[in-house]
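Notes to accompany the following structure.
Fair warning: this is a prediction, and the values are worked out from it, not measured in the lab.
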Amino acid sequence: GFSYEDSGKLLSVTSNRFIHWSTSGDTVQFVEQSLDTNLLNNAVRLHIPNCLLLPGGVCIQETLNNVIILIVTSQSVHRLVLPHPTRMYRSDLVTELQMQSIFTDIGKLNLNEPAHSYVLPFAQAAPASAPSTSAAWISHQGEAVFALASPSGGITAVTLPAHDQDGLCLSIELKQSSMMQRLAGWMPTAIRGDQSIPDLAISLAVHQLEDDTFIFALCQDHKLRMWSFKHQMCLLVTDMLEYMPAGRGEVKASPALAHKLRLFFSSSTGLCLAIYLAVPKRSQFCVLQLVASENNRYSLDHISTLFTTQETLVDFVLTASDIWAVWLDNDDQTVVKYISFEHSTTGMWNQVFVQPSPEEEVHVGEDQDPREIYLDVLFSPLRFTASAIIKALQIYKRGTERYSDLSWEELKKEVTVTVENELQGSVTEYEFCQEDYRLLQVEFWSKFYACCLQYQDVLSTPLALHISPATAMVCVLKKGFVSFLFPCFAVDHLYLSSDEYLFSEEETLIAEDSNLSRDVLQLVQCLRMVSESLPEDMAYEMDKALEDLLSPEKVSEKVLEGLLASDNGNVIQDILNKLQDISNPTVAINTLLRELDLETDAETDTRPTGQSLRVRISLSQLYGSSVAASLICQAVCQTAMTRTLLCRDLLILQQLYLRNGDNVFVAGSAPLLQLQQDLIPRCSSLLCSYHLLKQMSLTLSSSVPLDILNADLQHLSVLELSDSSTPTSSRSVLNPQTVVELFYQNVARKAIMSQILSQQDVEGSQAMLHWPQMISSVLTLLCQFLWPSNPSFLFPECLMVNCQYAQLQEYVRLVGPWCQVNVGSYRFVLGHCYLASGEGQKALQCFQEAAAEVDKEEFLMKLTGSDEEAATATAQRLLYYNKVLRLLEDIGLPELVINLATLAISEAANDERSQAALWTRIFKHHLDLGHNSQAYEALTQNPDSSRQLDCLRQLVVVLCERAQLRDLVQFSFVNLHDEVVSIIESRARAVDLMTHNYYELLYAFHINRHNYRKAGTVMFEYGMRLGREVRTLRGLQKQVNCYLAALNCLRLVHPDYAWIVQPSSGAAYERPGTSPKRNYDGEFAANPVSQRIDILELKDLEKEYALARSRLTLAQQDPSSAAIAGGASSQEMVTLLVQTGLFDTALTLCQTFNLSLTPVFEGLTFKCIKLQYKGDQDQTEVWNWLAANQLPTVITTKESSATDEAWRLLAHYLEKYPLQNAQYHRGVINKLLSHGVPVPDWLLSSYKEIDAASLLRLYLNYDQLESAAELVLEYVDALLGKGHQYFGIERPLSATASLVWLPYTSIDQLLRNLSESQINEKNLKDKLAEYHRLVDQSSRNRLMAR
């Protein structure tokens, strides 16, 4: 492994960054890792065909601009020049969540480029002649130097020029007798002097000191040789057997094959060497210090010799004060230990507690499904890597399929299908009893499980040990992954230590004085004895009881009884004997419990203060990669597992104390009482807490689909819990994320880093990222954030925000029975889980239960956004209810909103504003649900008049839109009658008349309350607006109906009150809230002068109705005229009706409005004239308008033409509507004569009878002289007694009759015209002479009669 020089500095791109590699044959694999940020393209595998990599054949060094990798193989040497991370980014300040690795562009390099590679001269020789080991380094001049141990002794050094300079490759051979330099190749054995095979180097190490480079070679003859590369000579030879206390002869006789050499240099200690002498049964480490004297003479000072009983050393590392080593024991299990080579008085190695391998057998309960249990174990974090499962799957299927692209869930499914198929394929019988099938399941799943175990063991094989000099981080590089070593907490250290170590300890860090220390050590030994004596089934029962939320005290008591019953080896008696040695058990137990308890007094302020932006950004990156998150959370899990077992054993031990208290406690019953009432409940609570931590550390997070995540986040935004959005995880699909990792990455890490570094001088500290110290603090704080008894509620909140609802429900289930902190907060988040799963009533119950704790818990106070001191408990509860109501509204659960708001109203008894808001909410949701009566009830309960009015307006509008008018009309509206009317009126005047029926609603509203005048006013206004705004056939129909309804209303009122005020005819109505109007200059317009008020009585309404009725009739006859008729006056309507042929309607309208009938008669006359001359053309239209008028009789004796019918209609009207002096007859005849149409006889006869003189004048007006002369003759004859009845003369001329007269003026005019026109007027004159004679005679007779 290689760690960057600045990996221990916070303000650096390379902080907590390192590279590790592994070689296999002719392949080397590099992986760059960072604990602070995720690296992209960070792994590369190099294959150098037929060139085996040598031991020590990879070296990585950094320069200011580059990272240089030196590779030594059996046939060649290579140099890779990669950019340094600080040169890949312009600034040390990197804010990205991901960074490019230095291996990103390695594919662009050519390994065989002459400037960066060199083929050794013996490349084609036999494999036996290949170098046995090697070392490499970069000189101060930038040259790459490779030292190779020749199989025939001596060292060959190959030098490549600096990568940015030209030059030749040099090969130098170092040997003891002389110095020889050749440009290339190896010298034949015969001329190589006195070098021999014992001089073969088996381990090489290099150190650059000042201007020279020392090459240390540990050789087969057990001697250490130090070469000066500068002077190419051997400066020092030391026989390592001198440091062996005994048995040197035996060892000297056999060549050294497994000795190892390591160096360490620091400015304070100088250069130290550690040599491992691999001697069967007597292996030892020698630590030596290089001492320089005058004249370039060097010697080695012996510092320490350390012995070990382990056999197979894999690797070891020398640090400033310790030796770290990794071995494989006889069972091929990894053993890691360390020892201080300066201060170790006993010579005992310190234990490193390696994570145990997965259990060889899986316990399957009788009531459990084997498949589920095995899948849980296989795919639980900390047990198996994905590569081990994939390899086992390939072997189990005996195929060549590759599963590299499977996600964790897909891999789980593939395993299930594979094992189940294998099971089904082996079954030969068709029927099985359940127990037999269960046994078959266990058999096949255990077979696959064994396969996974085997490959997990292979991948766990240790390869090397790496320690970062800058951070003191220790890693064990294994075949399939990297293991990181964490500092062990004192209490865990005691519990995990071997008996041998415990017996050797005299004091412990967790106790204040020596007596207490001894008591604690004795107590821990007893705990170990309890643990070892506990059978597997009882341990499983205890674990199951915690999962099932049974009382730990009762279960531990039951387990103790089982132990006592099966105590064959008197283990319990041994424990009791051991307990006798503890002088003060309760204090010792209390000390342990205090050490185990992670409860803090209050939530710590995690805001960084007084730090620069650069520091804060760097802190935001610290330990932020997925690798760091994974290993930190694994450490939490390991700690929780260890302490769960410790608490379990302590609880059982305390139960044993209770049972045998008289024998153990000397002081009497007081300690027993303390044990029973204080220590055991505390221990039980700690057991449950650590079990909870363990379960959460093993619980995988769920991947939430993006649409569901966005929807849930939108709902949660209502609660305003967080300002930032949820970051997405960047985990690999084959590295599943636990919920604790999710919490650490999204929430806890920043809070932890701020807390750790808030008091430190970050800018000035250079070596502040000390791994053991930093990671211990991180672990402790993370566990405290997770600790359920602490006030911090960040973990459940994080689960809720990230939509991990199933995991959150399980968390609340486990914490519920025993945790008395954040009870209300747990109920709230559980309620939110129920909402997500669609269980609304359960959620509502939880929210109600949480309300009682709103003023006591930090999370709920943050939720309400209230200040603890400023707000009363009631106000806080109301704020809480408001937030929950908004959440329920956002999700769309109106029934729950109504229920909760109703509950909240009882809280707001003295707060009218809150009551108004709640009643408004209840009203709104009742209305949305169609609960009209309940909505009305809520409206009436609202204490705020303005809100009440708003609700009333909404009620009216919504019920109208839904056409639920019956409900609206029938509501009593106590004290709100005028407001309802005002609202409906304003709505009626503001919306389209044909799409909304607010006027009809208002009419029904008034009718229902027997207010007929108001109802009439409403319908009349409706009709007026229809006539003005909706000039269509449908609009006219509605208008007629409106006027009819208005008439009906007024007829129901006493005649004295049968009147209404005419509504305003303007387009704008005065409505409350109307904005002030401005003129063109932008100034406020003057208020309009109030208009005269018109009173409309019944007769006025009847006139309006008649006019509207005529408009409708016209529109029905001629739809195209509807738009014109809609605004026509009565006179205009007569004209339009006459044009259309609706003479009946026109006459009725004229009579209603007291208009002259002349236009009607003239119009009908004109139509008759047209028909007279046009004949039978377009008879359909004629018959249509004729049919629209009511004829007096139907002639059935002969066929009648349209023309005849028109004349008949005219005659009927003249007869039906007589007028003094027969003006209508005169008008008709005048019309006929004006168009030169002969006057029909029937018309002449009827008019002669009425006014013959007028007829004469008409003839004269139109020069009808002959007709006029004929008329005068007939008239004179009538006066004389011939046909007098035809001229309306009752008695002709006589002395006794009434006076008669002639129109002399007209006759004179006629005579003059006749004379001018040369028409014979003799007959006329004669007739007049005769008339005059008779008049004279009659006059004389009358005078005489007097």
Salt bridge (Lys or Arg N to Asp or Glu O under 4.0 Å) partners of D548, counting only residues at least two apart: K544
Between Q100 and N41, does a side-chain hydrogen bond (donor to acceptor under 3.5 Å, both in side chains) hold up when you go through it step by step? CA-CA 7 Å; Q100 293 290 347; N41 308 306; 3.0 Å; yes
Where [X] and [Y] come nearest, the two heavy atoms and their spacing:
X	Y	answer
R438	P370	CG-CG, 3.9 Å
Y744	Y623	OH-O, 2.7 Å
E541	V555	O-CG1, 4.4 Å
K750	S754	O-OG, 2.8 Å
C683	C647	SG-O, 3.5 Å
A850	L860	O-CD1, 3.6 Å

Only pairs at least two apart or in different chains count here, so list each salt bridge (Lys or Arg N to Asp or Glu O under 4.0 Å) that has a residue in residues 626-635. none
Would you check, one step at a time, whether the test salt bridge (Lys or Arg N to Asp or Glu O under 4.0 Å) holds for R827 with E853? CA-CA 10 Å; R827 301 313 295 165; E853 307 295 327; over 6 Å; no
Do I775 and P487 make a side-chain contact, defined as non-hydrogen atoms from C-beta onward lying under 4.5 Å apart? yes
With a 3.5 Å cut-off and sequence neighbours excluded, list the donor-acceptor pairs that the side chains of residues 812-824 form with protein atoms.
unit_1	atom_1	unit_2	atom_2	d
R813	NE	E810	OE1	3.0
R813	NH1	E547	O	3.1
R813	NH2	E547	O	2.9
R813	NH2	E547	OE2	3.4
R813	NH2	E810	OE2	3.0
W818	NE1	L814	O	2.8
N822	ND2	N790	O	3.4
N822	ND2	P791	O	3.3

When you measure from the side chain of [X] to the backbone N and O of [Y], does any donor-acceptor pair fall under 3.5 Å?
X	Y	result
N42	Q33	no
S101	T104	no
R17	E32	no

Over 60° means perpendicular and under 30° means parallel, so classify the ring planes of F828 and H832, tilted if in between. parallel
Over 60° means perpendicular and under 30° means parallel, so classify the ring planes of W771 and F484, tilted if in between. tilted
Mind jotting down which residue pairs meet the side chain to side chain donor-acceptor pair (under 3.5 Å) criterion with at least one end in [range]? Sequence neighbours excluded, please.
range	answer
residues 476-486	K478-S483
residues 447-458	T385-Q456
residues 632-643	D492-R643, S630-Q634, R643-Y690

Partner set under side chain to side chain donor-acceptor pair (under 3.5 Å) for [X], not counting sequence neighbours:
X	value
Q29	R45
Q807	S702, Q804
S380	R383
E372	none

Could you walk me through whether N38 and S626 pass side-chain hydrogen bond (donor to acceptor under 3.5 Å, both in side chains), step by step? CA-CA 7 Å; N38 293 321; S626 55; 3.1 Å; yes
Before giving the answer on side chain to side chain contact (heavy atoms under 4.5 Å, CB included), spell out for F847 and K883 the whole-Å C-alpha distance, their side-chain angles and the decisive distance to 0.1 Å. CA-CA 11 Å; F847 290 144; K883 274 287 178 73; over 6 Å; no
Rounded to the nearest 0.5 angstrom, the CD1-OH distance for I708 and Y805 is 10.0 Å
Tell me if the CD atom of E536 is crowded by more than 12 foreign heavy atoms within 6.0 Å. no
Pair [X], [Y]: side-chain N/O donor-acceptor within cut-off below 3.5 Å:
X	Y	value
T471	S468	yes
Q737	Q745	yes
E849	Q845	yes

Check S697, S701, C783 against V740 for a side chain to side chain contact (heavy atoms under 4.5 Å, CB included) and give me the one that passes. S697
Can you name the side-chain contact (heavy atoms from CB on, under 4.5 Å) partners of E839, sequence neighbours left out? Y834, S837, K842
Which residues pass the side-chain contact (heavy atoms from CB on, under 4.5 Å) test with N710, not counting sequence neighbours? L706
Validation row, ring centre [X] to ring centre [Y] under 6.0 Å:
X	Y	answer
F448	Y374	no
F30	F103	yes
F384	F379	no

Start with the C-alpha distance between L794 and E797, add both sets of side-chain angles, then the distance that settles side chain to side chain contact (heavy atoms under 4.5 Å, CB included), and finish with yes or no. CA-CA 5 Å; L794 292 177; E797 182 184 341; 4.3 Å; yes
